[in-house]
Amino acid sequence: ILEGLDEDDPEAAAEELANELAALEARVLYTISREEDLSALEAHRAYDRFGPYLLPRIKGTFALHQLRLLLGNELFFEVMAATHDRYRGREMSTGEFLTVAEEISGRELSAFIDQWLHRTGLPQVKPTVELKEVRGDGWDLAVGVEQGGDPYRFVTHLEVETADGLSLHRIELDGNKAVSLHFEERPIRVVFDALHDLPVEHGNFYEWRNLIDDFNDTLIVYGTARQIEANHTMARRWQERVADTYIEILPPLVKDSEIDEEQVKNHDLMVVGTLTDNYFFGHMPEEVPVRFGRNHFEWMGETFGEPDDGLFLVVPNPWNPGRVMYVLASNSGMELYDMTETYHRGIPQWARFKGDEIVEQGYFDREGFVIELSE
């Protein structure tokens, strides 16, 4: 992951790394929602499920990422270079790696690393923020976490917004202890774990790749409020596009006016259409930052009303959070045509389209991690 980052643009590299880590977190959560969880040290060969390979690999990746944040880049790369020099071409145990890491860094690291290797699940974290004015000398921001289960020690980053702009701050948290930061201007917004350094348990972890994981239970739902035949033709075209590109079967087509309660609850739904055509666009989960109107949508505080605006979302099925709802919504039939002209493999949890191009994409904010500090 680090090798592939843009060395010439640190801001772009940070965003790319954050998205890579968010994707790994989503993969862990999706896997343990379908399979038995296991710790990183329980890796083994299995041919009937993905967890025994995926979970140890991803948890191990976060262990190394957290070690890098703890030691800093220079010292971390010294540790990794020494490790490769000593064990190139032969097996190495976890204990041997820790011996090298502690020798090079001069620090005791086993407890910090072991928490990522021995435990099942992910940290259960609820950020807490307290703001106090220091008379005549700015503001103190105390940031901590409430943790369920055995508390983790971890390193993360805060994004803090003040009247002066945005700033990023590295913090280290041990259990439920808080850390304090000082600002000359009053903080008005805090984003906890802004670079996705910490994988945590939460409920909105679905992404586009999950279609490939469980395509046999997907229904394509098209709108019937108007232009029924045109919508059917568009849905049929998209059905064939999806099948030809990857899954090799035709997901069933269902009218939004004919789908029944059992189908809605027991299937993944791929909802396709223009904003005025499909019943399901009016029933999005409240926590999703979108509102659909007539020929326009409000997305993350901005209104998009041009005919060539479109939005792709992956959210928990509102009628059964154990299933997925994929949403392809457009302001016009032409935009829907453009959005479905190509099967985009790499979309994460959302993407905003302009014509046939993706102009923005990313992952949703995790609940409770964006904190507005009102007056």
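Computed from a predicted model, the values in this text were never measured in an experiment. One is the number of the first residue; the rest follow in order along the sequence.
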Report the C-alpha distance between Leu67 and Leu71 in whole Å, list the side-chain angles of each, state the deciding distance to 0.1 Å, and finish with yes or no for side chain to side chain contact (heavy atoms under 4.5 Å, CB included). CA-CA 6 Å; Leu67 180 62; Leu71 298 180; 3.7 Å; yes

Give the other cluster members for Val134, using side-chain heavy-atom distances under 4.5 Å between Ile, Leu, Val, Met, Phe, Trp and Tyr residues; answer none if it is isolated. none

When rounded to the nearest 0.5 angstrom, what is the spacing between CD in Gln349 and CG in Leu313? 10.0 Å

Keeping Asp140 on the side-chain end and Lys132 on the backbone end, is there a donor-acceptor pair under 3.5 Å? no

Solution key, residues 249-261 side-chain donor-acceptor pairs under 3.5 Å, sequence neighbours excluded:
residue, atom, partner, partner atom, Å
Asp256, OD1, Thr224, N, 3.1
Asp256, OD1, Thr224, OG1, 2.6
Asp256, OD2, Tyr279, N, 2.9
Ser257, OG, Thr224, OG1, 3.3
Asp260, OD1, Glu262, N, 3.2
Asp260, OD1, Gln263, N, 2.7
Glu261, OE2, Lys265, NZ, 3.0

Counting only N and O atoms by type, is there a donor-acceptor contact under 3.5 Å from the side chain of Asp338 to the main-chain atoms of Gly333? no

Report yes if the side chains of Phe50 and Leu55 come closer than 4.5 Å at any heavy-atom pair, otherwise no. no

Is there a donor-acceptor contact under 3.5 Å from the side chain of Asp356 to the main chain of Met339? no

For salt bridge (charged side-chain N to carboxylate O under 4.0 Å, His left out), just list the numbers for Lys59 and Glu25, CA-CA rounded to whole Å, side-chain angles, deciding distance to a tenth of an Å, and then say yes or no. CA-CA 9 Å; Lys59 292 178 181 181; Glu25 176 196 71; over 6 Å; no

Euclidean distance, Thr83 OG1 relative to Arg88 CZ, rounded to 0.5 Å: 11.0 Å

Do other residues, nucleotides or ligands put more than 12 heavy atoms under 6.0 Å from the CD atom of Glu357? no

Is the ring centre of Phe353 less than 6.0 Å from the ring centre of His344? yes

Return yes if some donor-acceptor pair links the side-chain N/O of Glu159 with the main-chain N/O of Val370 below 3.5 Å, else return no. no

Minimum side-chain heavy-atom gap Val242-Leu211 below 4.5 Å: yes

Taking atom CZ of Arg226 and atom OG1 of Thr276, what is their separation to the nearest 0.5 Å? 3.0 Å

Pairwise distance CE(Met325) to OH(Tyr206) - rounded to 0.5 angstrom: 12.0 Å

Look at the side chain of Thr162 and the backbone N and O of Pro187, then say whether any donor-acceptor pair between them is shorter than 3.5 Å. no

Is it the case that the side chain of Arg107 and the backbone of Glu103 share a donor-acceptor pair, with hydrogens and angles ignored and the cut-off at 3.5 Å? no

With Arg153, which of Gln66, Glu172, Gln115 fulfils side-chain hydrogen bond (donor to acceptor under 3.5 Å, both in side chains)? Glu172

Tell me, with the steps shown, if Arg291 and Glu298 meet salt bridge (charged side-chain N to carboxylate O under 4.0 Å, His left out). CA-CA 5 Å; Arg291 293 296 173 265; Glu298 296 177 13; over 6 Å; no

All heavy atoms of Phe281 vs all of Val271, minimum pair found to be CE2-CG1, 3.7 Å

Short side-chain donor-acceptor distance under 3.5 Å, Glu335 and Ser332: no

If we count only N and O atoms by modelled type, under 3.5 Å, do the side chains of Ser180 and His182 hold a donor and an acceptor together? no

Answer yes or no: does atom CZ of Arg34 have more than 12 heavy-atom neighbours from other residues, nucleotides or ligands under 6.0 Å? yes

Tell me whether Asp9 contacts the main-chain N or O of Ala12 through its side chain, where contact means a donor paired with an acceptor under 3.5 Å. yes

Looking at side-chain heavy atoms only, is the closest gap between Val327 and Met284 below 4.5 Å? yes

Side chain Asp37, main chain Ile32, donor-acceptor under 3.5 Å: no

Verify, without hydrogens or angle tests, whether Asn320 (side chain) and Asn266 (backbone) share a donor-acceptor contact under 3.5 angstrom. no

Describe, in one word, how the ring planes of Trp208 and Tyr343 are oriented to each other, choosing from parallel (under 30°), tilted (30 to 60°) and perpendicular (over 60°). tilted

Would a hydrophobic clustering, with Ile, Leu, Val, Met, Phe, Trp and Tyr connected at side-chain separations under 4.5 Å, put Val288 with Met300? yes

Kindly list each side-chain donor-acceptor pair under 3.5 angstrom involving residues 73-80, sequence neighbours excluded, with atom names and distances?
residue, atom, partner, partner atom, Å
Asn73, OD1, Arg68, NH1, 2.6

Residues clustering with Leu131 (ILVMFWY side chains joined when closer than 4.5 Å, directly or via others): Trp116, Val125, Val129, Trp139, Leu141, Val143, Val145, Tyr152, Phe154, Leu158, Val160, Ile171, Leu173, Val179, Leu181, Phe183, Val190, Phe192, Leu198, Val200, Phe369, Ile371, Leu373

If you measure from CG on Leu17 to CG on Leu2, what distance do you get to the nearest 0.5 Å? 6.5 Å

Taking everything shown except Glu36 itself, do over 12 heavy atoms lie less than 6.0 Å from its CD? no

For a 4.5 angstrom cut-off between non-hydrogen side-chain atoms, does Asp268 reach Asp214? yes

Phe304 vs Trp299 side-chain heavy atoms within contact, under 4.5 Å: yes

Running the 4.5 Å side-chain criterion over Ile, Leu, Val, Met, Phe, Trp and Tyr, what cluster does Leu168 land in, apart from itself? Leu195

Go through the structure and list residues passing side-chain hydrogen bond (donor to acceptor under 3.5 Å, both in side chains) with Glu207, not counting sequence neighbours. Arg209, Tyr363

Measure from NZ or CZ of Arg237 to the centre of the six-membered ring of Tyr337 and say whether it is under 6.0 Å with the direction within 45° of the ring axis. yes

Heavy-atom pair of closest approach, residues Ile358 and Ala351: CG2-CB, 4.0 Å

Flag if over 12 foreign heavy atoms under 6.0 Å of NZ, Lys126: no

Under 6.0 Å from the CD atom of Glu15, do we count more than 12 heavy atoms belonging to anything else shown? no

Side chains of Asp197 and His65: do they bring a donor and an acceptor to under 3.5 Å? yes

Return yes when atom CZ of Arg135 has more than 12 non-hydrogen atoms of other residues, nucleotides or ligands closer than 6.0 Å, and no otherwise. no

Has Arg57 got a side-chain atom pairing as donor or acceptor with Ala43's backbone, closer than 3.5 angstrom? no

Taking all non-hydrogen atoms of both residues into account, name the closest pair between Ala40 and Pro56 and its distance. O-CB, 3.3 Å

Check the surroundings of atom CD in Glu367: do more than 12 heavy atoms from other residues, nucleotides or ligands lie under 6.0 Å from it? no

Evaluate the criterion salt bridge (charged side-chain N to carboxylate O under 4.0 Å, His left out) for residue pair Arg241 and Asp244; output intermediate values, then yes/no. CA-CA 5 Å; Arg241 175 82 64 197; Asp244 287 344; over 6 Å; no

Please check if atom CD in Glu108 has more than 12 non-hydrogen atoms from other residues, nucleotides or ligands closer than 6.0 Å. yes

Do Phe280 and Pro318 come close enough that some side-chain heavy atom pair is under 4.5 Å? no

Start with the C-alpha gap between Asp217 and Arg323, add the side-chain angles, then the distance that decides, and say whether salt bridge (charged side-chain N to carboxylate O under 4.0 Å, His left out) holds. CA-CA 9 Å; Asp217 288 325; Arg323 308 299 307 192; 3.5 Å; yes

How long is the straight-line distance from OG of Ser330 back to CZ of Phe312, given to the nearest 0.5 Å? 13.5 Å

